[in-house]
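Structure, as structure tokens:
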Amino acid sequence: QLQLEESGGGLVQAGGSLRLSCAASGRTLSSYAMGWFRQAPGKEREFVSAISWWGSSTYYADSVKGRFTISRDNAKNTVYLQMNSLKPEDTAVYYCAADRWYSDLAASLSYEYWGQGTQVTVSS
């Protein structure tokens, strides 16, 4: 069983930066494509970014393109989300997720494993 744990969330002013980490245990992370999703209060969970097994391909939602960068270190069993130029509308709980079959990485239903989430709050 793969277990995921996010960290790095917090409170930041608009224009600031945060780096989220997603640490995996139980299985080798290199067997999974990984994604980040977020959910704001009263809204549905939405796709943020995804990365292929070895990091050769990355994907971003239009709303974060150019500001967020996803990366992974399979030796450390960890995936990262560097978030720059943060905006109040980025405020949400951020979740990492793992997809064994590299299916539609923008669809939450593609992912078999999820972390508990980390809160990101951006003040204006």
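Excluded from the calculations below are hydrogen atoms, water molecules and symmetry mates; all remaining heavy atoms, backbone and side chain alike, are included.
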Closest non-hydrogen atom pair between A14 and S124, with its separation: CB-CA, 4.4 Å
Distance in Å, E5 CD paired with T118 OG1, rounded so as to fall on 0.5 Å steps: 9.5 Å
Of all heavy-atom pairs between L2 and A98, which one has the smallest distance, and what is that distance? CD2-CB, 3.4 Å
Look up atom CH2 in W54 and atom CG in N74, then write down how far apart they are to the nearest 0.5 Å. 5.0 Å
Against Y113, only a single residue in R100, Q3, R27 fulfils side-chain hydrogen bond (donor to acceptor under 3.5 Å, both in side chains); can you say which? R27
Compare all side-chain heavy atoms of V79 with those of C96 and state whether any distance is below 4.5 angstrom. no
Would L20 end up clustered with F37 when hydrophobic side chains under 4.5 Å apart are linked, directly or stepwise? no
Do D90 and K87 meet the salt-bridge criterion of a basic N to acidic O distance under 4.0 Å? no
Over 60° means perpendicular and under 30° means parallel, so tell me whether W114 and Y95 are parallel, tilted or perpendicular. perpendicular
Do L4 and M34 have side chains that get closer than 4.5 Å, going by heavy atoms? yes
Do the non-hydrogen side-chain atoms of D99 and E112 ever get within less than 4.5 Å of each other? yes
Minimal non-hydrogen separation, L29 against N77, with atom names: N-OD1, 3.0 Å
Is there a side chain to side chain contact (heavy atoms under 4.5 Å, CB included) between Q119 and L11 once you walk through the steps? CA-CA 8 Å; Q119 176 71 47; L11 174 64; over 6 Å; no
Any heavy-atom pair between the side chains of E46 and R38 that's under 4.5 Å? yes
Shared hydrophobic cluster for L18 and V64 (ILVMFWY, side-chain gaps under 4.5 Å): yes
Please answer whether the main-chain N or O of S85 pairs with a side-chain N or O of R67 as donor and acceptor at a distance below 3.5 Å. yes
Count the heavy atoms belonging to other residues, nucleotides or ligands that lie under 6.0 Å from CD of Q82, then report whether that count exceeds 12. yes
For residues E6 and W36, determine if any side-chain heavy atom of one lies less than 4.5 Å from a side-chain heavy atom of the other. yes
How many angstroms lie between OH in Y32 and CH2 in W101, if you round to the nearest 0.5 Å? 9.0 Å
Close side-chain approach of Y102 to S52, heavy-atom, < 4.5 Å: yes
pair Y60-S49: side-chain heavy atoms closer than 4.5 Å: yes
Quick check: closest heavy atoms across L105 and A33, and the distance to 0.1 Å? CD2-CB, 3.8 Å
Please examine the side chains of Y80 and T69, heavy atoms only from C-beta on, and report whether any two atoms are closer than 4.5 Å. no
Taking the six-membered ring for Trp, are F47 and Y59 ring centroids under 6.0 Å apart? no
Donor-acceptor pair, side chain of R72 and main chain of W53, under 3.5 angstrom: yes
Where is the tightest heavy-atom contact between S21 and T78, given as atom of each residue plus distance? CB-CG2, 4.2 Å
Looking at every non-hydrogen atom in both residues, tell me the closest pair between S17 and N84 and how far apart they are. OG-OD1, 2.9 Å
